[in-house]
Amino acid sequence: MTLPPPGALLRGALAAAAVLALGWFVGGQAMLGRIDPALLLPLWPLPLAALAWTARRASRTERRAAFGVAIALTLIGQALLAAWLAGAFPWLQLVLSAGCGSVVAVGADRMVQAARPRGPFRVLLIAAAILGWFAAAHGLLALAYRAPAPRAVPVTMMTSLPLRWSGGDLAAMLAEGARDDPALDRIARGGPLRLVDSLADHPPARGDALLLAHPPALAPRDLVAIDAFVRGGGRAVILADALSGWPPRHPLGDPRNPPVTSLLTPLLDHWGITLAAAPDTETRPIAADVGGAHLRLFSAGRFTQAPPACERIAGGHLLHCRIGQGEAWLVGDADMLFAPLWQPQPRWAAHLRHADTMEWLDARLRGGDASGWLRPFWIGAAAD
């Protein structure tokens, strides 16, 4: 086997280092906590165009060798980082990234070697091609990471969190218009959503799903309605926060703020479940990986006691329980809905999300899969 010329090796290695650095610092891998090789797709053109320009006077064979070295070293680096940081081998993303890198390499080489246009027009053409590829690659990633649309199952929701009309005081809402919290908007996009203040007066219909997100104190008849709904075959997701860190909208002590701790203890006791608050040393964001979905929790409590029909997940931060003919997912945290813990950056780019929280919640409430054709490879992800 003949080794590439030293010049091709050096140029290829420098280009690979540039792609890896861009992916880590600019492409979102460090910021999002993901080591996805697919996040390199929008970033291939700039380093490979620079490689094509610096090697423009080299022979065709040497240029091909330089591009091959750059792509190979980049993929090897990504594979090693994924194995080290995420404990996974993202072969599908590596194949996709290799194919796109090869296409970019061919295009960059041809544009630089072309006789026309010359001078600043060629620079403008290359810059336009880089920007066009950047936009097209993000469009492709948005489709590839998008989870399948869940069934439009109606959801009945009860919460004390300030999710509805989260714009601030009345004057601000009148001036700017009332707007819901991003979490509420995201849940509503999956299907009909109904917020109620009494489950006894407004029970979920048969086939609907129930979401209790750190609700206020419930009357006994509401607790009976929840128990009856689940035992009768209903599906429920219950966020019971033992120590809520949700930023209060009103001064401390104001009864309009959400309760600091969960008020669902009577229901949990009836089901044989005990929720303990997080220790003072754990009042910080933590990751919980559940069936391939990555959730970010904050000061999450643990379920220390549960009946045999419940499965403890993520060290007890979550429970999956069969109750009568129905099922309930219990999470010892409601702060997981707080937008900065899951919302993508920028907000329009859903494939650049910080967590799979809303996709997982959709799948639990409405059925289906929480991941798309491509799935994120989260740094530090652990098995259930």
Side-chain angles (χ1 to χ4, degrees), residues 150-161 187-188 190-242 258-259 261-276 288 290-291 293 295 300-334 336-337 357 360-370 384:
R151 295 175 297 150
V153 175
V155 172
T156 298
M157 181 177 180
M158 177 179 277
T159 183
S160 65
L161 301 174
I187 296 169
L193 176 65
R194 181 177 61 144
L195 269 72
V196 301
D197 55 9
S198 171
L199 290 166
D201 295 335
H202 308 284
R206 186 175 182 86
D208 290 4
L210 174 62
L211 174 58
L212 299 178
H214 200 61
L218 300 179
R221 63 195 192 107
D222 287 321
L223 299 174
V224 171
I226 297 170
D227 182 64
F229 171 73
V230 176
R231 291 187 185 277
R235 181 191 298 119
V237 175
I238 300 173
L239 311 182
D241 205 317
T261 189
S262 173
L263 302 179
L264 289 172
T265 301
L267 177 66
L268 300 184
D269 286 345
H270 180 64
W271 287 347
I273 297 170
T274 301
L275 173 64
V290 185
L295 312 182
R302 293 179 186 270
F303 296 99
T304 56
Q305 183 176 335
C310 293
E311 177 189 3
R312 288 168 52 87
I313 300 171
H317 290 302
L318 287 85
L319 288 180
H320 182 212
C321 298
R322 294 289 177 180
I323 300 172
Q325 297 178 1
E327 65 172 336
W329 282 86
L330 296 95
V331 185
D333 182 54
M336 63 184 283
L337 296 182
T357 301
W360 178 86
L361 188 59
D362 255 349
R364 301 289 76 74
L365 290 170
R366 297 180 165 110
D369 193 354
D384 297 348

For residues A152 and P192, report the shortest heavy-atom separation together with the two atoms involved. O-CD, 3.7 Å
So which atom in T261 and which in A242 form the shortest heavy-atom distance, rounded to 0.1 Å? OG1-O, 2.9 Å
Give the minimum heavy-atom separation between A328 and I323, together with the two atoms involved. CB-CD1, 4.2 Å
Determine the interplanar angle of the H320 and W329 rings, folded into 0 to 90°, and report it as parallel if under 30°, tilted if 30 to 60°, perpendicular if over 60°. parallel
Do V331 and M336 make a side-chain contact, defined as non-hydrogen atoms from C-beta onward lying under 4.5 Å apart? yes
Is the shortest side-chain heavy-atom distance between Q325 and R231 below 4.5 Å? no
When you look at L223 and H270, which way does the side chain to side chain contact (heavy atoms under 4.5 Å, CB included) test go after all the steps? CA-CA 10 Å; L223 299 174; H270 180 64; over 6 Å; no
What's the spacing between D241 CG and L275 CG if we round to 0.5 Å? 8.0 Å
Taking C-beta and beyond as the side chain, do V224 and F229 meet within less than 4.5 Å on heavy atoms? no
Would you sort out whether L210 and R235 count as a side chain to side chain contact (heavy atoms under 4.5 Å, CB included), showing the intermediate values? CA-CA 6 Å; L210 174 62; R235 181 191 298 119; over 6 Å; no
Supply the atom-to-atom distance L239 CG to S262 OG, rounded to the nearest 0.5 angstrom. 10.0 Å
To the nearest 0.5 Å, atom CG of L267 lies from atom CD1 of I238 at 5.5 Å
Please find the pair of heavy atoms, one from P216 and one from M158, that lie closest to each other, and give the distance. CD-CG, 4.3 Å
Check: L161 and P258 side chains under 4.5 Å, non-hydrogen atoms: yes
Side chain to side chain contact (heavy atoms under 4.5 Å, CB included) between L337 and L361, worked out: CA-CA 10 Å; L337 296 182; L361 188 59; 3.9 Å; yes
To the nearest 0.5 Å, what is the distance between CE (M157) and CG (D208)? 15.0 Å
Flag, side chain of T274 to backbone of Q305, donor-acceptor distance under 3.5 Å: no
Within-4.5 Å side-chain heavy-atom neighbours: L211 and T156: no
Taking the side chain as C-beta and beyond, is there a heavy-atom pair between L319 and E311 under 4.5 Å? no
I'd like to know whether L318 forms a side chain to side chain contact (heavy atoms under 4.5 Å, CB included) with L330, so could you lay out the CA-CA distance, the side-chain angles of the two residues, the decisive distance to 0.1 Å, and finally the verdict. CA-CA 6 Å; L318 287 85; L330 296 95; over 6 Å; no
H317 vs V290 side-chain heavy atoms within contact, under 4.5 Å: no
Can you list every side chain to side chain donor-acceptor pair (under 3.5 Å) pair that touches residues 213-224, not counting sequence neighbours? S198-D222, D201-R221
Check for a donor-acceptor pair, side chain of D269 on one end and backbone N or O of P266 on the other, with a separation under 3.5 Å. no
Using side-chain heavy atoms (C-beta onward) and a distance below 4.5 Å, is T159 in contact with L212? no
Heavy atoms only: give me the nearest V196-H202 pair and the separation to one decimal. CG1-CB, 3.6 Å
Could you tell me whether a side-chain N or O of R366 sits under 3.5 Å from a main-chain N or O of V153, the two making a donor and an acceptor? yes
